[in-house]
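We count residues from 1, following the sequence as given. What you see is a predicted model; the values in this text were computed from it and never measured.
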Amino acid sequence: QVQLVESGGGLVQAGGSLRLSCAASGSIFSINDMGWFRQAPGKQRELVATITSSSSTNYADSVKGRFIISRDNGKNTVYLQMNSLKPEDTAVYYCRLFRTKATGYWGQGTQVTVSS
C-alpha cells in the first residue's frame, strides 16, 4: 500500500513562511510525479504545485513566485516552501502522488492558517 504522511502545517501571520513535508512509502518514489493541493472551507480542492520525476515544476498563478515545490528522492519526500503567506492561503493542504494525471494517492491533509 502507498502511504503519504504530511507534516509542517500550523498558524502563521501574513507575510510569514511555512514549510510542508510529505513522506511517501510503498511506492518507487523516484518515478512518481508529486503535487500539492489545497482546499479552503466551502471551496473546491485546487492544484497548488506539481513536480515531475525529473524535477520539472509547475505552479498555480495564485502562488507563483511565493511557493517552491521540491523533492528529495533519497528521503522519499516532497516539500512545499511557502513564503509571503496571505490570509487567502488558509486551507487544508494535501500531498498527492500521481500514477497518472487523474489518478493516484492522497495524504491525510495538514491545516495551514494565515492570520491578518
Side-chain angles (χ1 to χ4, degrees):
Q1 61 176 356
V2 173
Q3 186 175 6
L4 304 173
V5 180
E6 301 174 359
S7 62
L11 175 65
V12 65
Q13 291 186 334
S17 297
L18 215 54
R19 183 179 174 89
L20 306 183
S21 299
C22 174
S25 62
S27 179
I28 306 174
F29 179 83
S30 62
I31 69 171
N32 293 119
D33 293 352
M34 301 293 295
W36 288 94
F37 290 70
R38 67 186 182 186
Q39 187 165 23
K43 295 187 176 182
Q44 291 184 270
R45 190 170 298 187
E46 65 175 350
L47 179 65
V48 175
T50 59
I51 183 165
T52 69
S53 59
S54 60
S55 295
S56 295
T57 60
N58 197 22
Y59 299 90
D61 287 342
S62 60
V63 307
K64 199 169 297 180
R66 299 189 297 122
F67 291 9
I68 301 170
I69 188 171
S70 62
R71 65 193 297 158
D72 185 337
N73 290 338
K75 295 182 178 180
N76 287 356
T77 300
V78 63
Y79 305 94
L80 185 67
Q81 178 66 48
M82 304 184 293
N83 301 315
S84 301
L85 283 161
K86 305 174 180 180
E88 51 262 45
D89 295 319
T90 295
V92 177
Y93 283 71
Y94 296 91
C95 180
R96 175 75 162 173
L97 183 152
F98 291 98
R99 296 295 192 196
T100 67
K101 283 188 176 182
T103 63
Y105 300 88
W106 294 105
Q108 82 281 3
T110 185
Q111 178 70 48
V112 172
T113 303
V114 184
S115 65
S116 59

- [ ] Test Phe29 against Lys75 for side-chain contact (heavy atoms from CB on, under 4.5 Å), laying out the working first.
- [x] CA-CA 9 Å; Phe29 179 83; Lys75 295 182 178 180; over 6 Å; no
Task: Nearest heavy atoms of Thr110 and Glu6, plus distance in Å - done: N-OE1, 3.1 Å
TODO: Return yes if a side-chain donor-acceptor contact under 3.5 Å exists between Asn83 and Ser17, otherwise no.
DONE: yes
Open item on the list: For a quick test of reading the model, state the closest non-hydrogen atom pair linking Gly107 to Tyr94 and the distance between them.
Closed with: O-CD2, 3.7 Å
Open item on the list: Strictly below 4.0 Å, N to O, side chains only: are Lys86 and Asp89 in salt-bridge contact?
Closed with: no
- [ ] State the CG-OG1 distance between Asn58 and Thr50, to the nearest 0.5 angstrom.
- [x] 4.5 Å
Task: Non-hydrogen atoms of Arg66 and Leu85 that approach each other most closely - done: NH1-CA, 3.9 Å
Open item on the list: Are more than 12 heavy atoms, taken from residues, nucleotides or ligands other than Lys101, located less than 6.0 Å from that residue's NZ atom?
Closed with: no
- [ ] Report yes or no: does Arg71 contribute a side-chain atom to a donor-acceptor pair with the main-chain N or O of Asp33 at less than 3.5 Å?
- [x] no
TODO: Can you see which heavy atom on Asn73 is nearest to which on Asn76, and at what distance?
DONE: O-OD1, 3.1 Å
Task: Interatomic spacing from CG in Leu97 to SG in Cys22 - rounded to 0.5 Å - done: 8.0 Å
TODO: Grab the two heavy atoms, one from Cys95 and one from Val78, that are nearest each other, plus how far apart they are.
DONE: SG-CG1, 3.7 Å
Task: Sidechain-backbone polar pair: Arg96 side chain, Gly35 backbone, donor-acceptor under 3.5 Å - done: no
Task: Pairs flagged by ring pair (Phe, Tyr, Trp, His ring centres under 6.0 Å) wherever residues 35-73 is involved - sequence neighbours left out - done: Phe37-Trp106
Open item on the list: Consider side chain to side chain contact (heavy atoms under 4.5 Å, CB included). Of Leu18, Val48, Ile68, which one does Met82 pass it with?
Closed with: Leu18
Task: Thr90 side chain to Val114 backbone, donor-acceptor under 3.5 Å - done: yes
Task: Shortest non-hydrogen contact between Ser21 and Thr77, atoms and distance - done: CB-CG2, 4.4 Å
Task: Ser27 OG to Gln3 CD distance, which is reported to the nearest 0.5 Å - done: 12.5 Å
